[in-house]
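Take a look at the structure below.
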Amino acid sequence: MHAIDRDPLLLTPGPLTTSLRTKQAMLHDWGSWDAAFNHITAEVCRQLVDIVHGAETHVCVPLQGSGTFSVEAALGTLVPRGAKVLVPNNGAYCARILKILKILGREAVELPTAENCPFDPLAIESALMADPDISHVALVHCETGTGILNPLPEIAAAVARQQRGLIIDAMSSFAAIEIDVRTMPFDALIAASGKCLEGVPGIGFVIAARDKLAASAGNSHSLAMDLHDQWIYMQKTTQWRFTPPTHVVVALHEALAQYQEEGGQAVRGARYRANCAALTQGMARLGLLPYVAAQFQAPIIVTFHAPQHAAYDFQTFYQGVRERGFILYPGKLTRIETFRVGCIGALTPQDLVHVVDAIAATLAAMGVMGARGATDAMAVV
Ligand SMILES: *Cc1c(COP(=O)(O)O)cnc(C)c1O
């Protein structure tokens, strides 16, 4: 096969394929003290708060690092020492929250749920009623480990009824799936530059209720991860505390401009749904079926059962699809062999059709399926 002189398309949940404009925004150098740069930071924060309609009640605190840094910072800053957190768990990112809480020495109550089932808001409400010491619920909105969407509006209502705080890891849903703080109240929401906003990775951010953040001084176990300190410093100086990832900030600013031009959350979400439909329909024709039932599937990333065939192995499959111009993602389930395909990034449904073609050609070359599509041997169990 001849080499293709372009970057492969990333079918992954971040880093993901970005537009040329977003990449070109990184061709300049910025000073961290410079007013023009700090104006961009302020502008980005304002726009991020507006995406969840939080201008009246919430503020945005950006933090250097990948998304997990901001999850850890939010939990460490907003959950007081001695408080107790309910963590509904249906996947790898929920488990990561449990691990963070353990390391931070914050008590956690796990509410285990099968990985192919969304959380039950009633079960969450019952757990809160049963234990008045629980002060917060830490919720993963789209569990990127499987691609399942958890019912945020109903859970936010249940948590509000029980007068506890809600901290949402909306890393892979923010800006693509509707989140409105006026109707889905939360203490804090965490997301990052390199997911559905289609920026490059390097910044996480926390959209926090101003009153809750103001009351959080001294909670954090850490200097660098103290969101309260980062917020106060930024308000005082307009600057980032410690060296900002300048190129990532200006790329995010440019990515946000394109997000608005595209039509914002509703239109971006619709494009991802179209991507997801093109993917799952094409894969179904190959006999490759999703792990998550269609009604629970977020249009962000799809987990597929691996072909049940002796000639299949993920490494060879991955390499073959990569040589055809696309980067897939390994599965994250421990007991079932799967792989994942992302629907997010600067991609169109046509790109997803091409991904399916590359997958079919690779599986044919591996002898896993006939050149014209699925065989009976591929039936998923
Ligand atoms: C991407 C993601 C994170 C952050 O992961 P990083 O590797 O730190 O960027 C956290 N939660 C969810 C649900 C995610 O999709």
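In each ligand, atom 1 is the first atom listed, and ligand 1 is the first ligand listed. Quick caveat, the model's predicted, so the values are computed rather than measured. Counting begins at 1 with the first residue of the sequence.
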| Contact check, side chains of Pro290 and Phe304, non-hydrogen atoms, under 4.5 Å | yes
| Under 4.5 Å between any side-chain heavy atoms of Asn150 and Leu152, yes or no? | no
Among all protein heavy atoms, pick out the one at the shortest distance from [atom]; state its residue, atom name and that distance to 0.1 Å.
{"atom": "atom 7 (O) of ligand 1", "result": "Arg96 NH1, 3.9 Å"}
{"atom": "atom 3 (C) of ligand 1", "result": "Met171 CG, 3.4 Å"}
{"atom": "atom 9 (O) of ligand 1", "result": "Gly67 N, 3.3 Å"}

Using a strict 4.0 Å cut-off to heavy atoms of [X], name the atoms of ligand 1 that fall inside it.
{"X": "Cys142", "value": "13 (C)"}
{"X": "Thr68", "value": "4 (C), 5 (O), 6 (P), 8 (O)"}
{"X": "Ser172", "value": "15 (O)"}

| Judged by modelled atom types alone, do Glu178 and Gln265 share a side-chain donor-acceptor pair under 3.5 Å? | no
| Option nearest atom 15 (O) of ligand 1 (shortest heavy-atom distance, choices Asp169, Thr144, Ile97) | Thr144
Indicate, as side chain, backbone, both or neither, the part of [X] found under 4.0 angstrom from ligand 1 when only non-hydrogen atoms are considered.
{"X": "Ala192", "value": "neither"}
{"X": "His141", "value": "neither"}
{"X": "Lys195", "value": "side chain"}

| Do the side chain of Ser193 and the main chain of Val200 share a donor and acceptor less than 3.5 angstrom apart? | yes
| field | Donor-acceptor pair, side chain of Glu254 and main chain of Val250, under 3.5 angstrom | value | no
| Phe186 ring center within less than 6.0 Å of His58 ring center | yes
| Would you find more than 12 non-hydrogen atoms of other residues, nucleotides or ligands less than 6.0 Å from Gln295 atom CD? | yes
| field | ligand 1 contact by Glu143, heavy-atom criterion under 4.0 angstrom | value | no
| query | Should the pair Glu262-Arg21 be classified as a salt bridge under the 4.0 Å nitrogen-to-oxygen rule? | reply | no
